[in-house]
Each structure stands twice: as structure tokens, then as C-alpha cells.
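Below: one structure, written as C-alpha cells.
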Amino acid sequence: MSGGVGGGLTVVAPGPLTTVQDLGRPGLAGVGVGRSGACDRASAALANRLVGNEPGAAVLEATLGGLVLRAEADLLVVTTGARCPGSGVHDAPGLLRAGGTLALGTPPAGLRTYLAVRGGIAVEPVLGSRSTDLLAGLGPPALRPGDVLPVGPPTGDVPGVDVAPVPDPPGGEVTVRLLPGPRADWLTPAALDVLGSAAWTVTAESNRVGLRLDGPRLERRESGELPSEGLVRGALQVPPSGAPVLFLADAPVTGGYPVAGYVADDDVDRCAQLRPGQALRLRTGTPAGRRAR
């Protein structure tokens, strides 16, 4: 990887999956390019703020920890999101000395950890973004051992924040708000009731594209199929199997199964921290402005 000013980070071990992410590629769905970007946007944004980066600076998104990095220069770094054993800079920016290593263990709760370095990860952008889109195959590949990640020049002042007092992702059941989708009428009334009341289990087939949910089968009252329609992050699609799929950052730009609902946008970040086996409830009819817990 190249494109920055050097003096960056060497990947000793990438863990199960670590990618470069930023704000993604908005506005290109009309030409078939999805947005992608950080799955948990709030945690990525916090990481950038804590080291004084611009909001669009690229960070690393590590899935289930395992990431080991060596600094090639003195660097200000921080981790946010899922708290990994071994990170002494979680929600608290700190100096990683040249030659020093940062090794992330497996988080006890949450799925994705964001590492920001002051100056940002300066790999070459593709279509205006440094994000890895795993579905479309755009952007830099997932990190591999030996990769050297360039770091850009610092911008702005370092905020005088020692620790950001934000809660860690929960390890138990999570409830989020579900808004009506354009094809909710393709489900039977009973299925809609089940959708908003059952505890859904996140399956191991979930990834950056979406969460596959296991639970009671949702019955459709329309047996036909739709022409493909536009999709965005947060869409809850119901395929013929009756097992819903909640789309995340690398969602396709179109889909042919009915979208029965949308998870409220700021709750989608919380869904991005769910790990296989964790329970999710989709609460319908939640008053606007009240965040479900």
C-alpha cells in the first residue's frame, strides 16, 4: 500500500479481518457503486476526533481484534468501538513510539474496533474514498502481514481530551428502532407482528454486507417477485426463506426481495457491533427521538 508521506504503520498480523475505512463513496449509487465506509460510523468518527483528524480521514476497522501493528515513527493513536485487551489507548489517545507495537486481543463484547492515527491512513483513494468495499471489490484489499500503511500529514489541533466517556458495545440483547419499509405490505399482518416482537439471532453468515438473522419464519402474502429496487444501509429485506437480512455498510445498491422495514439510521451503527449468537430485537412504533435500549 502506498500514497502517503511514509513513517507509518507496519502490519505484523491483521487478525481475522482488518480493512481501511473512511466515509465511503456517497452519491455513486446511480452508476452502481455502493457507499461502503466504516460499519460503525459513530466509533470511527470518535476515533478521528480524538486524534484531531478531519472527519473523512481513513481509519482501520478490525473485526474481532487480532490486529498487531508496529509504528515506524512516533505516532498519536487511539482505538474506539469494541474494547480489545492489549489496547492501552482505548477511547484515550496516546503516543505509540517508533518501533513500538500495538496488539489487540479479542474483545469480550462488540465486534469492530477502530484505530485512528493522527494524519489518517493515507493509502491511495479509489473513486474518492480509501474504503475497502468487500462486496464490490473496490478500494485497498484487506490488510496482510507485512503491509506498510502510510500516514498523512497532521491537520488541525489535537483536542485536549484525555478519555472519551462512551459506553462499550453491549454483549447481550440489543433493541433498535424499526421504521416501516416500502414493501411491508408484502408480509402478512401476523408476520409483521412477529418481526417487531421476536428475538432474532445474528448468524455466523453475517459480514460487512449485512446481518443474517435467525428466528421464526416470516410469511409473505405476495408470492411473486419484485423488479430490483434501490437499497441503502439499514434496509431489512425478507427473502423467500422468511429469514430477514439487515444490510450494513457494504450493502448492494439494488435488491429484488421486499424491504419490510428500515432500522433507524443512528441505530445501524449499533447493529454493526453485533456478533454471531447475539440477540436483536426490532422495535416498531418507537416514538421519534427516543433511542431504544
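- In Tyr262, the OH atom is crowded: over 12 heavy atoms of neighbouring residues, nucleotides or ligands sit closer than 6.0 Å.
- Side chain of Arg208 to main chain of Asp133: no donor-acceptor pair is present (N/O by atom type, distance under 3.5 Å, no hydrogens or angles).
- To the nearest 0.5 angstrom, Leu96 atom CG is 10.0 Å from Leu76 atom CG.
- Between the Asp22 side chain and the Gly24 main chain, a donor and an acceptor come within less than 3.5 Å of each other.
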Audit row: Val59, Ile121, side chain to side chain contact (heavy atoms under 4.5 Å, CB included) steps and yes/no:
CA-CA 6 Å; Val59 301; Ile121 304 296; 5.7 Å; no

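- The main-chain N or O of Leu23 is found under 3.5 Å from a side-chain atom of Arg35 such that the two form a donor-acceptor pair.
- Separating the CG atom in Leu143 from the OG1 atom in Thr10 is a distance of 11.5 Å, to the nearest 0.5 Å.
- Hydrophobic clustering keeps Val259 apart from Val176 (ILVMFWY residues linked when any side-chain heavy atoms are closer than 4.5 Å, directly or through intermediates).
- The two residues Pro239 and Arg220 have their closest heavy-atom pair at C-NH1, 3.6 Å.
- Contact detail for Trp186 and Leu226: the closest heavy-atom pair is CZ2-CD2, 3.4 Å.
- The two residues Arg275 and Pro107 make their nearest non-hydrogen contact at NH1-O, 2.9 Å.
- In terms of hydrophobic clustering, with Ile, Leu, Val, Met, Phe, Trp and Tyr side chains grouped at heavy-atom distances under 4.5 Å, Phe247 and Val232 are assigned to a common cluster.
- Tyr257 and Leu218 fall into different hydrophobic clusters, where Ile, Leu, Val, Met, Phe, Trp and Tyr side chains are chained together by heavy-atom contacts under 4.5 Å.
- A 4.5 Å side-chain heavy-atom check between Leu102 and Leu115 finds at least one atom pair inside the cut-off.
- Closest approach of Pro169 to Ala109, counting heavy atoms only: O-CB, 3.5 Å.
- Side-chain atoms of Arg112 do not come within 3.5 Å of backbone N or O of Leu64 as any donor-acceptor pair.
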Going through the distances and angles, do Val12 and Leu69 end up as a side chain to side chain contact (heavy atoms under 4.5 Å, CB included)?
CA-CA 5 Å; Val12 178; Leu69 299 169; over 6 Å; no

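- Residues Val209 and Pro252 form a side-chain contact, since some pair of their non-hydrogen atoms from C-beta on lies under 4.5 Å apart.
- Not one N or O on the side chain of Asp267 forms a donor-acceptor pair closer than 3.5 Å with the backbone of Ala264.
- In terms of heavy-atom proximity, Ala82 sits nearest to Thr113 at O-OG1, 2.6 Å.
- A 6.0 Å sphere centred on CD of Glu219 holds no more than 12 heavy atoms belonging to other residues, nucleotides or ligands.
- Hydrophobic clustering (side-chain heavy atoms under 4.5 Å, transitive across Ile, Leu, Val, Met, Phe, Trp, Tyr) keeps Leu187 apart from Leu231.
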Side chain to side chain contact (heavy atoms under 4.5 Å, CB included) between Leu9 and Leu75, worked out:
CA-CA 9 Å; Leu9 293 159; Leu75 298 170; 3.6 Å; yes

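- With a 4.5 Å cut-off on side-chain heavy atoms, Cys84 and Thr79 do not count as touching.
- A distance-only check finds a donor-acceptor pair linking the side chain of His90 to the backbone of Gly81 [under 3.5 Å].
- The stretch residues 84-111 participates, sequence neighbours left out, in these salt bridge (Lys or Arg N to Asp or Glu O under 4.0 Å) pairs: Asp74-Arg97, Arg83-Asp91.
- Between Glu229 and Arg183 a salt bridge is recorded (basic side-chain N to carboxylate O distance below 4.0 Å).
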Cut-off 3.5 Å, no hydrogens considered: what does the side-chain donor-acceptor table look like for residues 49-58, sequence neighbours left out?
from  : atom 1 : to     : atom 2 : distance (Å)
Asn53 : OD1    : Gly119 : N      : 2.8
Asn53 : ND2    : Asn48  : OD1    : 3.0
Asn53 : ND2    : Val117 : O      : 3.0

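- Counting only heavy atoms from C-beta outward, the side chains of Asn207 and Leu134 never approach each other to under 4.5 Å.
- With sequence neighbours excluded, the residues forming a side chain to side chain contact (heavy atoms under 4.5 Å, CB included) with Ser206 are Val202, Thr203, Leu211, Arg212, listed by chain and number.
- Distance check: Asp250 CG to Cys39 SG gives 6.5 Å after rounding to the nearest 0.5 Å.
- Atom-to-atom distance recorded for Gln21:CD and Arg130:CZ is 13.0 Å, nearest 0.5 angstrom.
- Summarising the geometry, atom CD belonging to Glu61 is positioned 8.5 Å from atom CG belonging to Leu111; distances are rounded to the nearest 0.5 Å.
- Paired with Leu213 under the rule side-chain contact (heavy atoms from CB on, under 4.5 Å), one option of Thr201, Val245, Leu236 passes, and it is Leu236.
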Please walk me through it: do Glu72 and Arg70 pass salt bridge (charged side-chain N to carboxylate O under 4.0 Å, His left out)?
CA-CA 6 Å; Glu72 305 303 334; Arg70 183 179 66 246; 3.2 Å; yes

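- A heavy-atom distance below 4.5 Å is found between the side chains of Leu149 and Leu60.
- No side-chain donor-acceptor contact under 3.5 Å links Arg283 to the backbone of Arg177.
- Gln278 places a side-chain N or O within 3.5 Å of a backbone atom of Gly172 that can act as its donor or acceptor partner.
- A donor-acceptor pair is defined here as one N or O able to donate and one able to accept, closer than 3.5 Å; such a pair exists between the side chain of Thr132 and the backbone of Pro140.
- In this structure a side-chain-to-backbone donor-acceptor pair under 3.5 Å is present from Tyr114 to Asp40.
- Taking hydrophobic clusters as Ile, Leu, Val, Met, Phe, Trp and Tyr residues chained together by side-chain heavy-atom distances below 4.5 Å, Val89 does not share a cluster with Leu95.
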Go through the steps to decide whether Gln273 and Val174 satisfy the test side chain to side chain contact (heavy atoms under 4.5 Å, CB included), and finish with yes or no.
CA-CA 10 Å; Gln273 291 291 355; Val174 170; over 6 Å; no

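- How far OG of Ser36 is from CG of Leu135: 9.0 Å, rounded to the nearest 0.5 Å.
- The minimum heavy-atom distance linking Ser87 with Leu104 is given by the pair CB-CD2, 3.7 Å.
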